[in-house]
Amino acid sequence: MSLIKLNLIFLKLGFLSFGGGWAIVGILKKELISAGFLTSTEFAEMVSIAQMTPGPIALNLATYVGYKYFGFWGGFLNTFFFLLAPVLTMISVFMVGKNVRLNSDRLSQALTGFTTIMVLVTLISLANSRLTDLWFFLIAMTVFVCLNRFKIHPLILIFAGGFMGVLLYAH
């Protein structure tokens with residue numbers, strides 16, 4: 001495992017992270033596990049920690065993994081390389097946009113489909129190992145019903161789900 005290899009993973013993922021952090025979490029899981037940086041269990045724990053900290057989840061994951069293996073400079077460089085790709089993309093779009101008229105509605109529609117699929121892939125990859133767990137299923141369905149039927153605020157459901165998880169899974 002090398003810092004350069006980890007930085008290149010996050011540079012590559014930075015170019016693919018359309019639609020926010022959750023759209024890229026599934027790809028991030030595959031990349032970090034196949035590169036040997038994390039196990040599936042460590043990744044699930046890392047996602048939980050990244051959710052509790054303020055900021056975009058993918059950026060928190062980049063910083064966390066870098067710091068875990070290479071200290072301050074690992075966290076800093078992972079964050080830098082992950083953010084470098086969107087910055088370069090925005091500069092390129094700005095330069096092209098000055099000369100070419102882009103239809104932002106059509107571009108947004110195209111990216112919405114891509115983002116939806118990426119979020120679904122992430123959801124399936126994170127839940128796959130827990131689908132046979134009855135408590136996981138009950139908590140997930142309860143949160144879904146409370147959110148959609150009773151319109152309970154998501155923050156309340158996050159804390160309640162986390163509390164239930166601690167009660168049920170803490171050893």
Side-chain angles (χ1 to χ4, degrees), residues 1-95 107-108 111-112 114-130 136 139-140 143 147 153-171:
M1 289 187 276
S2 73
L3 179 58
I4 293 171
K5 183 178 180 181
L6 187 60
N7 293 156
L8 289 175
I9 288 171
F10 280 97
L11 178 65
K12 175 175 66 172
L13 292 174
F15 280 108
L16 300 173
S17 61
F18 292 101
W22 280 110
I24 199 69
V25 170
I27 295 173
L28 185 58
K29 179 181 179 184
K30 180 182 179 296
E31 290 286 329
L32 291 174
I33 290 173
S34 67
F37 284 102
L38 297 170
T39 66
S40 189
T41 303
E42 288 174 322
F43 185 81
E45 291 170 358
M46 184 181 68
V47 167
S48 297
I49 291 169
Q51 284 179 294
M52 292 187 283
T53 56
I57 190 161
L59 185 60
N60 291 346
L61 292 173
T63 307
Y64 180 82
V65 173
Y67 185 80
K68 178 179 179 176
Y69 287 103
F70 302 103
F72 171 81
W73 287 109
F76 176 80
L77 289 173
N78 262 7
T79 303
F80 174 80
F81 281 106
F82 185 70
L83 293 175
L84 180 62
V87 168
L88 293 176
T89 301
M90 291 305 298
I91 291 170
S92 300
V93 167
F94 177 74
M95 299 303 282
L107 181 62
S108 178
L111 290 177
T112 299
F114 172 76
T115 302
T116 303
I117 296 300
M118 295 306 296
V119 170
L120 284 173
V121 166
T122 298
L123 175 66
I124 291 167
S125 72
L126 289 175
N128 198 23
S129 63
R130 295 276 191 184
F136 173 82
I139 291 171
V143 168
L147 186 62
H153 195 279
L155 190 56
I156 293 170
L157 295 173
I158 289 170
F159 281 116
F163 180 73
M164 289 301 297
V166 168
L167 288 177
L168 293 170
Y169 297 108
H171 295 82

S.K.: In terms of heavy-atom contacts, does CZ of Phe163 have more than 12 from other residues, nucleotides or ligands at under 6.0 Å?
M.R.: no
S.K.: Are Phe81 and Leu84 packed together at the side-chain level, in the sense that at least one heavy-atom pair is separated by less than 4.5 angstrom?
M.R.: yes
S.K.: Is Asn78 close to Asn7 at the side-chain level, that is, under 4.5 Å between some pair of heavy atoms?
M.R.: yes
S.K.: Quick one, Thr79 and Tyr67 - any side-chain contact, counting heavy atoms below 4.5 Å?
M.R.: no
S.K.: Is there side-chain contact between Leu32 and Leu6, with at least one heavy-atom pair below 4.5 Å?
M.R.: yes
S.K.: To the nearest 0.5 Å, what is the distance between OH on Tyr64 and CD1 on Ile49?
M.R.: 3.5 Å
S.K.: Verify, without hydrogens or angle tests, whether Asn60 (side chain) and Thr53 (backbone) share a donor-acceptor contact under 3.5 angstrom.
M.R.: yes
S.K.: Drop me the distance from Ile24's CD1 to Leu59's CG, to the nearest 0.5 angstrom.
M.R.: 13.0 Å
S.K.: Look up atom CD1 in Ile9 and atom NZ in Lys12, then write down how far apart they are to the nearest 0.5 Å.
M.R.: 6.5 Å
S.K.: Check Gly14 against Ala85 and note the closest heavy-atom contact, atom names and distance.
M.R.: C-CB, 3.3 Å
S.K.: Please indicate whether Phe136 has more than 12 foreign heavy atoms, meaning atoms of other residues, nucleotides or ligands, lying under 6.0 Å from its CZ.
M.R.: yes
S.K.: Would you say Ile139 and Leu168 make side-chain contact, with heavy atoms under 4.5 Å?
M.R.: yes
S.K.: Using 0.5 Å steps for rounding, measure from the CE atom of Met95 to the OG atom of Ser92.
M.R.: 8.5 Å
S.K.: Just so I know, are the side chains of Thr63 and Phe82 near enough to count as touching, which here means a heavy-atom distance under 4.5 Å?
M.R.: no
S.K.: Looking at NZ of Lys68 and CE of Met46, how far apart are the two atoms once the value is rounded to the nearest 0.5 Å?
M.R.: 8.0 Å
S.K.: How long is the straight-line distance from CD of Glu31 back to CG of Leu8, given to the nearest 0.5 Å?
M.R.: 11.0 Å
S.K.: Is the ring pair Phe72/Phe76 parallel, tilted or perpendicular, if the boundaries are 30 and 60 degrees?
M.R.: parallel
S.K.: Would you sort out whether Val65 and Phe43 count as a side-chain contact (heavy atoms from CB on, under 4.5 Å), showing the intermediate values?
M.R.: CA-CA 9 Å; Val65 173; Phe43 185 81; over 6 Å; no
S.K.: Any idea which heavy atoms bring Ser40 and Ile33 closest together, and the distance?
M.R.: CA-CD1, 3.6 Å
S.K.: Tell me, yes or no, whether the heavy-atom count around Ile4 atom CD1, taken from other residues, nucleotides or ligands under 6.0 Å, exceeds 12.
M.R.: no
